[in-house]
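Residues: numbered from 1 along the sequence shown. In this text the structure is predicted, and so the values were computed from the model without any measurement.
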Amino acid sequence: MSCKALLALVIASASFVSSTAWAERVVSIGGTVTEIVYLLGESDQLVATDTSSVYPEAANQTPKVGYQRTLSAEGVLSVRPDMLLLTTTAGPQSVLRQLEDTGIQSKVIDTPRTKQGILDAIQTVADALQVPAKGQNAVADVEAAFDQLERPQNWTKAPRLLFIMQMGGSPMIAGRDTGPDGLFNLAGAINAAGDVQGYKNLTPEALMQAQPDAIVVTSHGSHGSKADTIWRIPGIKSTPAAQAKRLIELDTLLALGFGPRTPQAIEAIYQQMGDWTP
């Protein structure tokens, strides 16, 4: 069946459904949103997720409708959803407009890189799934996890952390207004690349200026031989991070998802920087 014919069929079948109807078949687009659905105990409503939805393990077993940034209307509609839960990065917009034209309910979940943004996202998903009380309980639990975090006592001043990605090709660093920048702020650390905007190519000059106390990588971006690859980067040997061989490794979704497990990501930084002193 062509995408045009499938769209027409879904529009016809959905014409009698109220925009406020109970959603029994949910497609979750975005790893953080999917993680929240499982946290709320509402995974029974999921009929599919996107390929960035890899946590918890059960999410890997759900049918996949493609990657959140490169969705196709036909792929999403093939699982006959009643509701779409979308991140702000979902797209392309032309596909989202096609899906909107079918009459399927959709809810965009904003995930700001702040503690309050995380709590709000949890409650927004819960409200969309019509389980507000579960959302309130989950919010309380995650907020308590944030409140229980304790910065290492030896951090008499904030350490400088440098996030490096794309270790399979040209390395890049994360500057202002990036996921790592948000995570470092929440942890009370300094982004050593905070004087640049977004992601930039890593150069020896940038390393000399950054002078990081530790290098941060994700499991997805490091391609296996993390330390060996990192410490061979030109110019890195002169940094405090290299001299101490201080490398922080974090799971990608845990570190950059800004979801319910963000307190765990911060705690992982504290543990791996526990013996650092200014």
State, yes or no, whether a side-chain contact exists between [X] and [Y] at a heavy-atom distance under 4.5 Å.
X      : Y      : answer
Leu162 : Ile173 : yes
Thr89  : Arg69  : yes
Ile236 : Ile215 : yes
Val142 : Leu119 : yes
Met165 : Pro171 : no
Phe184 : Val216 : yes
Glu205 : Leu207 : no
Tyr38  : Leu46  : yes

Quick one: do the [X] and [Y] side chains pair a donor with an acceptor below 3.5 Å?
X      : Y      : answer
Asp127 : Thr124 : no
Glu267 : Gln264 : no
Asp120 : Gln123 : no
Gln68  : Thr87  : yes
Gln105 : Asp82  : no

Grouping I, L, V, M, F, W and Y whenever their side-chain heavy atoms are under 4.5 Å apart, do [X] and [Y] come out in a common cluster?
X      : Y      : answer
Leu254 : Leu186 : no
Ile118 : Leu129 : yes
Val196 : Ile190 : no
Ile266 : Trp276 : yes
Val54  : Val37  : no

If I take atom [atom1] from residue [X] and atom [atom2] from residue [Y], how far apart are they, to the nearest 0.5 angstrom?
X      : Y      : atom1 : atom2 : result
Asn201 : Ser170 : CG    : OG    : 4.5 Å
Glu143 : Ile122 : CD    : CD1   : 10.0 Å
Gln98  : Glu74  : CD    : CD    : 10.0 Å
Ile29  : Thr32  : CD1   : OG1   : 13.0 Å
Leu96  : Leu84  : CG    : CG    : 8.5 Å
Leu99  : Leu71  : CG    : CG    : 7.5 Å

Problem set entry | CA sep, side-chain torsions, deciding dist, call: Thr262, Phe146, side-chain contact (heavy atoms from CB on, under 4.5 Å) | CA-CA 8 Å; Thr262 297; Phe146 270 108; 4.1 Å; yes
Problem set entry | More than 12 heavy atoms from other groups under 6.0 Å of CD on Glu100 | no
Exercise. More than 12 foreign heavy atoms under 6.0 Å from NZ of Lys134: is that the case here?
Worked result: yes
For [X] against [Y], the heavy-atom pair lying closest together:
X      : Y      : result
Ala255 : Thr218 : CB-CG2, 4.4 Å
Leu85  : Ala128 : CD2-CB, 3.9 Å
Pro204 : Pro234 : CG-O, 3.8 Å
Ser53  : Ser28  : OG-O, 4.2 Å
Ala59  : Thr34  : CB-CG2, 4.0 Å
Ser78  : Gly75  : OG-O, 2.7 Å

Would you say [X]'s side chain and [Y]'s backbone share a donor-acceptor pair under 3.5 angstrom?
X      : Y      : result
Arg176 : Gly194 : yes
Thr88  : Asp110 : no
Gln272 : Glu249 : yes
Asn191 : Ala174 : yes

For this session: Would you sort out whether Tyr199 and Thr178 count as a side-chain contact (heavy atoms from CB on, under 4.5 Å), showing the intermediate values?
Result: CA-CA 7 Å; Tyr199 288 94; Thr178 62; 3.7 Å; yes
For this session: Could I get the full list of side-chain contact (heavy atoms from CB on, under 4.5 Å) partners for Asp195, not counting sequence neighbours?
Result: Gln209
Exercise. Between Gln45 and Arg25, does a side-chain contact (heavy atoms from CB on, under 4.5 Å) hold up when you go through it step by step?
Worked result: CA-CA 5 Å; Gln45 295 194 56; Arg25 298 179 61 83; over 6 Å; no
For this session: Give the C-alpha distance, both sets of side-chain angles, the deciding distance and a yes or no for side-chain contact (heavy atoms from CB on, under 4.5 Å) between Val33 and Leu86.
Result: CA-CA 7 Å; Val33 174; Leu86 306 161; over 6 Å; no
Exercise. With sequence neighbours left out, which residue pairs that include part of residues 146-162 fulfil the side chain to side chain donor-acceptor pair (under 3.5 Å) condition?
Worked result: Lys115-Asp147
Problem set entry | Among Thr51, Thr49, Asp50, side-chain hydrogen bond (donor to acceptor under 3.5 Å, both in side chains) partner for Lys64 | Thr49
